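The structure appears right after this line, and notes come after that.
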Amino acid sequence: MNDNKTLKDIIIEETEKEIEANLPEFSATPEEMLAKIKAKEKASKKRCLGYIVVAAVLILAFVAIGMKYSDSLFTVDADKNGKEEIVTDDGVIIEDEGWGSSSEDGIVITDWDEIPIAKSHVEELLVPEYIPEGYEFDELTIENLDGGLTCNFLIEGETNNIEIREHINSENLQSLVINDYEEKIECEKGEIYIRKYNQYKIATIYINDGITIEVDSNLSKKEIEKLVENMD
Amino acid sequence: VEKEQLEKLLCSKVTFIKKQLWIFGVADDDLEGMTSDVLEEAYKELRKLREAEKIDGWLRTIIMRRVSKYIDKKSSRREVSNILKDEFGEEIDIYEIYASSKSAEEIFIKAQQDEEIRKLVAALPTSKRRIVQLHIWGDYTFTEIAKVMNLNDNTVKTVYYRTLNQLRKEAPNER
């Protein structure tokens with residue numbers, strides 16, 4: 001026995017002995033433990049990358065939805081290919097957003113067979129019963145503008161289109177003064193004022209107090225007259 | 001230091017970690033898991049270790065943090081505190097100065113009393129023995145021990161000096 005041992009020495013020796021006698025064995029070696037930790041970290045990084053990818057996809061999806069929603073707000077009346085059909089209780093097929101308080105709201109009808117349904121709701125609507133040869137009905141857009149309705153028929157031709165705009169009960173009619181026409185044609189519906197704009201002819205007709213029709217086309221005067229007379 | 005070298009160094013320190021945890025009172029069943037936790041934390045922060053020589057102190061910091069959480073989780077801090085109170089039969093919150101010309105742990109023990117003292121050390125109540133071992137064998141400061149075990153600094157000091165004083169009385173051959 002060492003005569004110079006202090007209490008501290010004895011305690012250290014006793015602690016070492018105690019540890020040696022009682023320390024349990026581990027199931028894994030230090031290298032195995034570290035390997036497991038490394039594998040865990042690798043998996044965690046992979047999982048983390050997965051989360052980042054999922055988050056990125058979600059962000060992109062939200063952006064795409066946002067853009068789609070944004071498009072629907074601004075292009076309702078310009079969309080020729082309505083994506084969503086809503087059939088009302090009355091059987092009116094409304095494409096896109098339908099009516100609303102906003103001036104951006106409107107309905108688009110692309111099927112000619114649905115025109116009578118629109119007519120039943122908008123009694124003042126005059127439908128072109130005669131469509132010149134080489135032209136085909138494309139769509140009818142009905143918009144709620146300035147307290148009145150504007151109904152636009154778009155009739156597509158091979159090279160040119162015919163656009164018929166009907167202003168019904170529009171306050172703007174009061175300010176519509178036709179004094180720069182080139183020609184005036186008398187027909188059953190009233191007087192047709194024709195003026196030229198580039199290669200187009202713009203024909204304006206007052207139907208009655210509340211309705212004005214404008215026809216943009218490069219049709220002949222006879223064809224314009226026939227078209228107007230067959231609007232019912 | 002190359003990462004590979006550091007990893008080897010870390011592996012060589014597993015027994016060190018294990019011993020430190022055990023002396024802090026981590027249960028045998030939890031020892032491997034806790035060692036693995038310390039190893040994992042150390043591995044993740046390995047790049048922060050600039051000097052390999054300082055690995056022991058660096059690991060001790062991680063160990064203390066982990067043990068503190070462990071004790072907290074096990075709710076054994078209160079137990080430790082209560083055991084200490086029970087053993088002393090009184091509130092221990094006043095630091096009693098046992099400082100003499102020689103510190104208690106440096107007293108010399110006569111060879112013939114060596115075995116007797118060893119038995120006395122081994123027979124110390126766990127909480128007392130742990131504080132003495134942590135300070136003498138583990139080189140942990142009173143503040144570190146107090147912090148990990150959620151005890152008052154003065155309580156740790158008092159327990160430590162009273163225990164050593166008790167041992168010194170058993171071996172009254174101070175020179």
Side-chain angles (χ1 to χ4, degrees), chain A residues 1-70, chain B residues 7-8 10-15 17-23 27-29 31-33 35-37 39-44 102-122 124 129-130 132-139 163-164 167-168 170-171 174-175:
Chain A
M1 293 277 177
N2 187 350
D3 206 24
N4 288 326
K5 275 185 184 166
T6 63
L7 183 57
K8 188 178 177 180
D9 296 328
I10 291 171
I11 289 170
I12 290 170
E13 281 176 17
E14 276 309 294
T15 306
E16 284 291 350
K17 271 188 197 171
E18 190 184 348
I19 290 170
E20 286 300 318
N22 295 290
L23 209 60
E25 286 293 319
F26 282 175
S27 60
T29 64
E31 288 75 21
E32 285 169 346
M33 286 171 94
L34 193 65
K36 205 181 273 182
I37 289 163
K38 285 164 94 172
K40 191 177 158 189
E41 205 197 9
K42 204 174 173 183
S44 169
K45 276 182 184 170
K46 208 172 174 182
R47 201 164 48 244
C48 192
L49 187 70
Y51 289 146
I52 290 168
V53 170
V54 169
V57 167
L58 283 174
I59 289 166
L60 284 173
F62 280 125
V63 169
I65 290 165
M67 285 173 75
K68 188 183 172 190
Y69 180 69
S70 172
Chain B
E7 283 178 13
K8 275 186 184 172
L10 202 56
C11 283
S12 73
K13 291 292 174 186
V14 166
T15 307
I17 297 168
K18 191 176 172 181
K19 284 180 177 181
Q20 303 290 319
L21 291 171
W22 191 83
I23 213 74
D28 289 359
D29 290 344
L31 202 62
E32 188 164 353
T35 305
S36 182
D37 288 346
L39 199 65
E40 187 175 343
E41 195 174 332
Y43 174 75
K44 283 179 181 170
K102 230 179 268 179
S103 70
E105 61 261 38
E106 293 303 327
I107 62 160
F108 285 95
I109 307 294
K110 276 187 178 174
Q112 61 267 35
Q113 287 180 318
D114 186 291
E115 201 56 37
E116 196 181 332
I117 291 294
R118 286 176 193 277
K119 280 179 189 168
L120 286 172
V121 170
L124 283 171
R129 196 171 71 251
R130 186 168 295 151
V132 168
Q133 286 174 327
L134 282 168
H135 186 63
I136 294 178
W137 175 86
D139 266 341
T163 307
L164 286 197
L167 292 171
R168 186 167 54 181
E170 301 290 337
E174 192 176 350
R175 284 189 258 172

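By convention in this document, chain letters (A, B, ...) are assigned in the order of the sequence lines, proteins followed by strands, and residues within each chain are numbered from 1. No experiment lies behind these values; they were computed from the predicted model shown.
Put simply, of D28(B), D29(B), I23(B), the one with the most heavy-atom pairs under 4.5 Å next to chain A is D28(B). Counting heavy-atom pairs closer than 4.5 Å to chain B, the top-ranked of the candidates T29(A), T6(A), N22(A), I19(A) is T6(A).
Both the backbone and the side chain of E18(A) come within contact range of chain B, each with at least one heavy atom under 4.5 Å from a heavy atom of that chain. At a 4.5 Å heavy-atom cutoff, the contact between L10(B) and chain A is made by side-chain atoms alone. For S12(B), no part sits under 4.5 Å from any heavy atom of chain A, backbone or side chain.
Remark: K19(B) engages E20(A) in a salt bridge, criterion side-chain N to carboxylate O under 4.0 Å. Using a 4.0 Å cut-off between charged nitrogen and carboxylate oxygen, K36(A) and E40(B) do not count as a salt-bridge pair.
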| request: Apply side chain to side chain contact (heavy atoms under 4.5 Å, CB included) to the pair L34(A) and V14(B), showing each step before the final yes or no. | output: CA-CA 10 Å; L34(A) 193 65; V14(B) 166; over 6 Å; no
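Put simply, the side chain of L7(A) does not reach to within 4.5 Å of the side chain of I136(B), judged on heavy atoms. By the 4.5 Å heavy-atom criterion applied to side chains, V132(B) and T15(A) are not counted as neighbours.
Taken from CD in E14(A) to CZ in R129(B), the straight-line distance is 10.0 Å, to the nearest 0.5 Å. Between the CG atom of L120(B) and the CD1 atom of I10(A) there is a distance of 10.0 Å, given to the nearest 0.5 Å. Going from atom CD1 of I37(A) over to atom OH of Y43(B) covers 9.0 Å, rounded to the nearest 0.5 Å.
Under a 3.5 Å cut-off, the side chain of E32(B) and the backbone N or O of S27(A) do form a donor-acceptor pair.
Looking at every heavy atom in both residues, L39(B) comes nearest to P30(A) through CD2-O, 4.3 Å. Heavy-atom minimum distance, E25(A) versus K18(B): CA-NZ, 4.1 Å.
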